[in-house]
Engineer: 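Quick one: the structure is below, and I'll ask about it shortly.
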2 protein chains.
Amino acid sequence: MRSVTIRNVADLAGVSVATASRVLSGHPSTSEVARSAVNNAATALGFRPNAQARSLRKTSTQTIGLVLPDVRNPFFADLAHAVEQRARDFKYLTLFGNANEDAEQQDRYFDIMLTQRVDGLIAAPQGNLADLQAVLDSGVPTVFVDRVISDTTVPSVTPDNVTGVQEAVRHLTNLGHRRIGYIAGPQSTSTGRERLAAFQSALADTNADDDADLIFFGDFQAASGAAGAHHLLELPHPPTALLAADSLMSIGAIGVCNERGLAIGSDLAFVAYDDIEAFSLINPALTVIAHDVNAMGRLAVDLLTQVIAGETPESVILPSRLIVRGSTPSLPGGRTP
Amino acid sequence: MRSVTIRNVADLAGVSVATASRVLSGHPSTSEVARSAVNNAATALGFRPNAQARSLRKTSTQTIGLVLPDVRNPFFADLAHAVEQRARDFKYLTLFGNANEDAEQQDRYFDIMLTQRVDGLIAAPQGNLADLQAVLDSGVPTVFVDRVISDTTVPSVTPDNVTGVQEAVRHLTNLGHRRIGYIAGPQSTSTGRERLAAFQSALADTNADDDADLIFFGDFQAASGAAGAHHLLELPHPPTALLAADSLMSIGAIGVCNERGLAIGSDLAFVAYDDIEAFSLINPALTVIAHDVNAMGRLAVDLLTQVIAGETPESVILPSRLIVRGSTPSLPGGRTP
DNA sequence: GACACCCATGTAATCGTTTCCATGGAATCG
DNA sequence: CGATTCCATGGAAACGATTACATGGGTGTC
């Protein structure tokens, strides 16, 4: 099953490999007769150029790497889709790596991406500068998306992690909530840190309680959202509203509320992060902090092409906003103090 | 920014490239002194072998291709995750392509995969034999997952598309439903065809209506589920129960029910396909036809490794079953005849 | 008609790695 | 001790494409 090479094509067409290569890659200096001979031979043999050989000779692989924490998180699935579609516009193939919210798996993927000599890299990174050192040292054009690593000059496309949380806290306190439970993301991520800081600072501007107890640290996965809901709802003074820092933890937390027979919207107010389609189906629909995933993915690719072209684009911060739905009704019933 | 090659490593270590290569790829015939010299030089220079050059020389790329219809479908996101994790066990890198439920994009990805000389290919294919011809001709080891193309000998891992649907129809008719609306998948997919056939044949065993009107043809995307719900609910004789052939169409359909103020579980019974986490959060939780996504992904990789090894493994059909939850209560209220 | 120019083509070098083959020294065996 | 085997090593040939350089024929200009 030896595959057919450009040499076979050239032989069948009766020309040299150089001419065959020129025809196949659209070089202008080719005659009509050579063109048709080579093209016919290529289709007759089912020739398919070997990408390895090509990228070995050229400097570029026409491939970008995308390292995300978890495809099963609908936010990242949407982001992956957006990046991939945009990359296609630039004729880039997207090499996708799923870090499983794990710094070690992430680093292994970075390693693979570099080994594969991707032309550029888009990542929602985890951990600190040390984990990224290999990537930064390699000099491969890189753009961060959603999350960033501090103390680097890597351009990024991130959501505004402050405004949405601020609006959510104000919204809840305006409704009369004074005990708001917060299920935080891991502090090894910029989104985890920034959203928590925004929550705490927004809280300080209100007369709501700021007990340390009301903050639970999760890891952006569903199970930790469930653990957080358990912990918070079993406090001596349980919260009357919950806010979770991503969609998977929201899913986990809501599952626990259902199990405990707590009706969201009446027994407990709930605000989720990310505007997942399924969240609008839950009855009552969830109030969410939303941002534009598609724009984020597109912009990340656009920035990356600029970096590859040698430019140094400005980082972009995309707005986020609160979408109020039924899970935070104006008159909280049940166990509100 | 020229990257460091094995020649630089060899020079620094004071050995030939051949020896350096042998040390770095763990060939037994190497001396202790050469090993340490080369390893030191490699780490000192931050050497990272060029995957293109390596795969050019070797026959294998240690890469498998995965072509799926849509990552944004949680079922396929889970499947992608399962495949990727299992592939890692075999030291394979997964090259991921998202066909967007579009035969043309799918074929472009197949083309890319072949150009990249993947060692094997896992696909949930769409369309007919002609679309796949290039892949089959190339002789690249292939396994189908979830969906198949008829008249091929490609091994596959598929769900049992009959039992779950049968159980769902029986369950609904036992509850007294006689008008069951079905939102079908595209007939260009095996899952779309088999599930529809199972629905029709199960219906024939009951005294429920089998009007052609009650079947709407969608495309496995959310928007078509919404269109299907609109169509079915506006029939002169609307159905009292809905069954949708995948999760995205279910999401679209449920959104429409909510908009129209139809309470699922009381005004309308609903059965969804695929046991998505979010479906158990909807209140009442959805009755679903479930199957084991993780097993499907793992088995697909296992089968592929067998094909790569030259064996011809048997295809596997994984069981599916009905999980009854609140969306199909025993006493349908409202508009039941 | 001579000269310059352009264009299609072929030869061969090149990309970075693996691996076949030859070599020479050490070890083993009768 | 001589012959054989073994092993670490280096030189060089592959893998399959692109492309710099050389070449020769055709065209245009004066």
Side-chain angles (χ1 to χ4, degrees), chain A residues 1-39 41-42 45-63 93 112 114-119 138 140, chain B residues 1-39 41-42 45-63 111-112 114-119 138 140:
Chain A
M1 201 204 67
R2 168 133 263 87
S3 64
V4 24
T5 77
I6 201 172
R7 158 124 269 139
N8 305 133
V9 174
D11 288 352
L12 180 60
V15 298
S16 71
V17 281
T19 301
S21 170
R22 275 186 282 253
V23 168
L24 293 170
S25 52
H27 192 283
S29 284
T30 50
S31 68
E32 178 53 41
V33 48
R35 249 170 309 190
S36 68
V38 170
N39 284 328
L45 295 175
F47 172 69
R48 195 180 301 277
N50 182 314
Q52 269 74 36
R54 169 177 290 172
S55 1
L56 180 58
R57 187 70 208 333
K58 323 233 284 191
T59 31
S60 108
T61 52
Q62 282 301 305
T63 299
L93 170 65
I112 290 173
L114 295 181
T115 299
Q116 294 290 329
R117 298 293 192 271
V118 294
D119 290 347
S138 77
V140 62
Chain B
M1 202 203 64
R2 169 133 258 90
S3 62
V4 26
T5 77
I6 201 173
R7 159 122 268 140
N8 306 133
V9 174
D11 288 351
L12 181 59
V15 298
S16 71
V17 281
T19 300
S21 170
R22 274 185 285 254
V23 168
L24 293 170
S25 52
H27 191 284
S29 283
T30 50
S31 68
E32 178 53 41
V33 47
R35 249 169 310 189
S36 67
V38 170
N39 285 328
L45 296 175
F47 172 70
R48 193 180 302 277
N50 182 314
Q52 268 75 36
R54 168 176 291 172
S55 0
L56 179 58
R57 188 71 221 313
K58 322 234 283 193
T59 30
S60 108
T61 52
Q62 282 302 306
T63 298
D111 204 76
I112 290 173
L114 295 180
T115 298
Q116 294 290 331
R117 299 293 190 271
V118 292
D119 290 347
S138 76
V140 63

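The sequence lines fix the lettering, A, B, ..., with proteins before strands; numbering per chain opens at 1. Computed from a prediction, not measured in an experiment: that's the story for all the values here.
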Engineer: Rounded to whole angstroms, how far apart are CG on D11(B) and P on dT9(D)?
Structural biologist: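 Nearest whole value for this atom pair: 16 Å.
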Engineer: I want to check something: taking the side chain as every heavy atom from C-beta on, are R48(A) and D111(B) in contact at a cut-off of under 4.5 Å?
Structural biologist: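 Counting from C-beta outward, R48(A) and D111(B) do come under 4.5 Å.
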Engineer: Please report, rounded to the nearest Å, how far the C1' atom of dG16(C) is from the CZ atom of R48(B).
Structural biologist: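 Checked: the CZ to C1' distance equals 15 Å.
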Engineer: Rounded to the Å, how far apart are N50(B) CG and dC15(C) P?
Structural biologist: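 My rounded result for the distance is 12 Å.
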Engineer: Between dG16(C), dT18(C), dT11(C), which nucleotide has the shortest distance from any of its atoms to the side chain of L56(A)?
Structural biologist: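 Minimum distance to the L56(A) side chain belongs to dG16(C).
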Engineer: Would you please test V140(A) and D119(A) for side-chain contact (heavy atoms from CB on, under 4.5 Å) and show each step?
Structural biologist: CA-CA 7 Å; V140(A) 62; D119(A) 290 347; over 6 Å; no
Engineer: R57(A) has an atom CZ; how far is it from atom C1' of dC15(C), in whole Å?
Structural biologist: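 Taking atom C1' of dC15(C) as the reference, CZ of R57(A) is at 6 Å.
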Engineer: Quick one: does R35(A)'s side chain have a donor or acceptor within less than 3.5 Å of a partner on T30(A)'s backbone?
Structural biologist: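 The answer is yes, because a donor-acceptor pair under 3.5 Å joins these two groups.
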Engineer: Kindly point out which of dC21(D), dC20(C), dT17(C) is positioned nearest to the side chain of R22(B)?
Structural biologist: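 The answer is dC20(C), which lies nearest to the side chain.
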Engineer: Among V38(A), V9(A), V15(A), exactly one meets side-chain contact (heavy atoms from CB on, under 4.5 Å) together with V23(A). Which residue is that?
Structural biologist: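 Between V23(A) and the candidates, side-chain contact (heavy atoms from CB on, under 4.5 Å) is satisfied uniquely by V38(A).
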Engineer: Expressed in angstrom and rounded to an integer, what is the separation of R7(B) atom CZ from dC15(C) atom P?
Structural biologist: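 After rounding, the reported distance stands at 11 Å.
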Engineer: Looking across every strand, which nucleic acid part, if any, lies under 4.0 Å from T19(A) by heavy atom: base, sugar-phosphate, or nothing?
Structural biologist: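 Counting heavy atoms under 4.0 Å across all strands, the contact made by T19(A) is with sugar-phosphate only.
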Engineer: Which nucleotide sits closest to the side chain of S21(B): dG16(C), dA12(D), dT18(C)?
Structural biologist: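 Nearest listed nucleotide: dT18(C).
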Engineer: Find the distance between CG (N50(B)) and OG (S55(B)) and round it off to the nearest 0.5 Å.
Structural biologist: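 Reported to 0.5 Å precision, the distance equals 8.0 Å.
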Engineer: Go nucleotide by nucleotide along DNA chain D from the 5' end; which of G14(B) and R117(B) gets its closest nucleotide reached first?
Structural biologist: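 Result: G14(B).
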Engineer: Have a look at F47(A) and tell me which of I6(A), N8(A), L12(A) forms a side-chain contact (heavy atoms from CB on, under 4.5 Å) with it.
Structural biologist: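 That would be I6(A); it is the only one of I6(A), N8(A), L12(A) passing the side-chain contact (heavy atoms from CB on, under 4.5 Å) with F47(A).
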Engineer: What parts of residues 24-35 of chain B reach DNA chain D, counting only heavy atoms under 4.0 Å away?
Structural biologist: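 DNA chain D contact set from residues 24-35 of chain B: P28(B), S29(B), T30(B), S31(B), A34(B).
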Engineer: Rounded to whole angstroms, how far apart are CD on Q52(B) and C1' on dC15(C)?
Structural biologist: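 That distance rounds to 11 Å.
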Engineer: Run Q52(A) and T61(B) through side-chain contact (heavy atoms from CB on, under 4.5 Å) and show every step you take.
Structural biologist: CA-CA 9 Å; Q52(A) 269 74 36; T61(B) 52; 4.0 Å; yes
Engineer: With rounding to the nearest 0.5 angstrom, report the OG to CZ distance, S21(A) to R7(A).
Structural biologist: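 The CZ atom of R7(A) is 12.0 Å from OG of S21(A), to the nearest 0.5 Å.
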Engineer: Using the 3.5 Å cut-off, write out each protein N or O paired with an N or O of nucleotides 25-28 of chain D and the distance between them.
Structural biologist:
none

Engineer: Just how far, in rounded Å, is P of dT19(D) from CD1 of I6(A)?
Structural biologist: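 Value for this atom pair: 11 Å.
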Engineer: Is any side-chain heavy atom of L93(A) closer than 4.5 Å to a side-chain heavy atom of Q116(B)?
Structural biologist: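 A side-chain contact under 4.5 Å exists here.
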Engineer: If I take atom CZ in residue R54(A) and atom P in nucleotide dT18(D), what distance separates them, rounded to the nearest angstrom?
Structural biologist: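 Atom CZ in R54(A) sits about 5 Å away from atom P in dT18(D).
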